[in-house]
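Just so it is clear, the values below take in all heavy atoms, side chains as well, and ignore hydrogens, waters and symmetry mates. Proteins come first, then strands; the chains are lettered A, B, ... in the order of their sequence lines, and each starts at number 1.
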Number of protein chains: 2
Amino acid sequence: MPASITYTYEYPRPALTVDCVVFGFEVGVGVGVGVGAAFKVLLIRRKLPPYEGQWALPGGFVQMEESVEAAAVRELQEETGVKDVFLEQLYTFGAVGRDPRDRTVSVAYYALINLQSHPVQAATDASDARWFKLFELPKIGAKIETVLGFDHAEILDCALARLQAKIRYEPIGFELLPKAFTLSQLQRLYEQILNRPLDKRNFRKKLLKMDLLIDTGQQETGVAHRAAQLYQFDLEKYRALKQRGFSFEL
Amino acid sequence: MPASITYTYEYPRPALTVDCVVFGFEVGVGVGVGVGAAFKVLLIRRKLPPYEGQWALPGGFVQMEESVEAAAVRELQEETGVKDVFLEQLYTFGAVGRDPRDRTVSVAYYALINLQSHPVQAATDASDARWFKLFELPKIGAKIETVLGFDHAEILDCALARLQAKIRYEPIGFELLPKAFTLSQLQRLYEQILNRPLDKRNFRKKLLKMDLLIDTGQQETGVAHRAAQLYQFDLEKYRALKQRGFSFEL
DNA sequence: TCATCTTAGTGTAATATTGACACTAAGATA
DNA sequence: TATCTTAGTGTCAATATTACACTAAGATGA
């Protein structure tokens with residue numbers, strides 16, 4: 001970077017950044033193990049002050065020749081290797097003291113990825129990224145919220161609330177699963193995110209009645225019990241129905 | 001303003017603004033007139049380029065010593081005289097070319113006010129503000145969208161979509177009515193915003209069953225027909241119920 | 001190979017919610 | 001006092017929700 005070039009304005013300007021809350025879901029794998037499904041968030045370890053060494057949401061400065069959303073996409077890829085995933089704007093955090101060093105306003109996004117198809121670079125030159133389980137019993141290890149720098153705990157809470165609300169009236173849960181999934185995996189996903197148990201028969205009845213799941217004819221493999229049917233979400237059909245006023249409701 | 005002071009940064013920074021979509025609702029007044037309810041948006045006429053003379057959303061630059069939300073509150077008051085109203089962040093618009101003169105990112109807010117208690121300064125020194133009816137037949141006068149500068153038509157559409165969605169699962173419609181209102185006024189409000197007719201008996205049944213409307217004992221006055229009962233929304237009770245998982249659904 | 005273990009997959013009945021529908025009551029006006 | 005306008009009310013059928021328990025399939029290991 002050219003050290004001597006600077007940029008001058010008539011009025012002061014806050015710095016503008018993006019931050020990404022990346023949610024991942026791991027369907028239960030491994031033979032015969034218990035529930036084994038985990039809902040996680042991706043954090044990176046900061047290499048620079050402030051909060052050097054602490055965990056934080058991936059993010060960075062918005063550049064002049066890219067849209068804010070493009071900045072989120074770019075930072076996500078640069079810092080975690082994740083790309084081509086569901087990404088949606090969450091909220092803009094603009095309190096005066098949120099960055100201790102400079103006035104910084106951050107546009108937060110959240111991403112949904114399935115851990116099967118998008119393995120994350122564990123630790124590259126630029127960054128050290130790691131998955132943290134959400135909703136774990138607080139006694140085992142520190143609560144995520146307590147180790148995050150800036151107002152990133154608040155951003156994470158905001159993203160969680162949004163996801164919990166939105167998953168009930170938009171079919172975004174499928175973004176967290178592999179293309180083909182079982183109904184039990186889908187149910188476990190909802191149970192994890194909504195943090196409450198659902199009735200198996202009612203859940204299946206409701207989902208199948210919408211007629212938005214395509215039976216692939218394939219079956220689950222590698223499990224030590226009866227193999228379940230694999231389904232795909234019919235995005236085309238959903239879009240068509242949505243146009244005509246249909247609303248996906250859990 | 002001191003003309004010679006400038007602000008210099010190591011990296012370029014987009015300008016940061018706020019814009020406010022102010023919705024207002026006017027319950028039918030006047031003796032014996034027809035429906036007479038109107039759903040409106042407040043715009044100001046621009047005094048400066050770009051888009052000088054055109055109508056635009058009230059808004060302006062975020063200052064260094066105020067939060068983004070505070071900037072929205074301040075601009076709203078300065079440009080329209082409106083204060084102490086419901087105001088919520090909508091979305092952040094960050095496309096590269098959205099301001100023809102400078103790279104500008106705008107955090108949009110939407111406000112809900114009732115026209116009875118918050119008459120707007122029609123035209124002051126600083127600004128020329130006017131209400132525009134929404135959902136009017138497009139043949140009469142130009143559609144609002146076609147006269148707005150910047151990407152303000154997009155912001156308005158976004159705000160409308162948000163309001164239409166949110167009014168169905170949060171009791172924000174009451175922000176658009178006087179403190180005491182009749183059930184018919186409330187129904188007309190919903191019909192206007194959702195843009196479809198609702199069944200009178202079913203509407204009343206549903207709302208009254210929630211038990212969130214306080215019968216004031218007062219009655220409507222100044223109408224040329226049977227006077228309706230006046231109700232107030234019980235915000236306290238709603239908050240308490242919401243805590244315990246209750247959800248307001250139209 | 002058979003007993004065991006684990007999860008898949010299925011139906012019913014009671015209850016609650018939704019949606020369609022039309023008349024009388026009250027009050028102002030001419 | 002006739003007329004006009006809007007307020008206010010109940011029922012029934014259809015649909016949606018909820019609670020609930022067993023058999024089926026397939027892998028594993030004694």
Between B:Leu212 and B:Leu241, does a side chain to side chain contact (heavy atoms under 4.5 Å, CB included) hold up when you go through it step by step?
CA-CA 10 Å; B:Leu212 284 171; B:Leu241 284 172; 3.9 Å; yes
Do the two ring centres, one from A:Phe233 and one from A:Tyr231, sit under 6.0 Å apart?
no
Check whether the ring centres of B:Phe25 and B:Phe23 lie less than 6.0 Å apart, and answer yes or no.
no
Taking [atom1] from [X] and [atom2] from [N], how many angstroms apart are they, rounded to a whole number?
X        : N      : atom1 : atom2 : result
A:Leu208 : C:dG11 : CG    : C1'   : 14 Å
A:His225 : D:dG29 : NE2   : P     : 14 Å
B:Gln219 : D:dA7  : CD    : C1'   : 10 Å
A:Lys200 : D:dT18 : NZ    : P     : 19 Å
A:Arg188 : C:dT6  : CZ    : C1'   : 12 Å
B:Glu249 : C:dA16 : CD    : C1'   : 15 Å
B:Leu207 : C:dT17 : CG    : P     : 15 Å
B:Phe203 : C:dA20 : CZ    : C1'   : 17 Å

Using only heavy-atom distances, decide whether a donor-acceptor pair under 3.5 angstrom links the side-chain of [X] to the base of [N].
X        : N      : value
B:Arg201 : D:dA7  : no
B:Lys205 : D:dT11 : yes
A:Lys206 : D:dA16 : no
B:Arg226 : C:dA26 : no

Think A:Arg204 has a side-chain N or O under 4.0 angstrom from the OP1 or OP2 of C:dT10?
no
If you assign each of A:Ala227 and B:Ala228 to its closest nucleotide in DNA chain D, which residue comes earlier from the 5' end?
B:Ala228
With DNA chain D as reference, determine whether A:Asn202 or B:Leu183 sits nearer its 5' end, using the nearest nucleotide of each.
B:Leu183
Nearest-0.5 Å distance, CG of residue B:Asp199 to NZ of residue B:Lys206
11.5 Å
Quick one: do B:Phe174 and B:Leu186 satisfy side chain to side chain contact (heavy atoms under 4.5 Å, CB included)? Show the steps, please.
CA-CA 8 Å; B:Phe174 304 104; B:Leu186 186 63; 3.7 Å; yes
Starting at the 5' end of DNA chain C, which residue's closest nucleotide do you reach first, A:Asp199 or B:Lys209?
A:Asp199
Is A:Ser184 touching bases, backbone alone, or none of the nucleic acid, heavy atoms closer than 4.0 Å?
sugar-phosphate
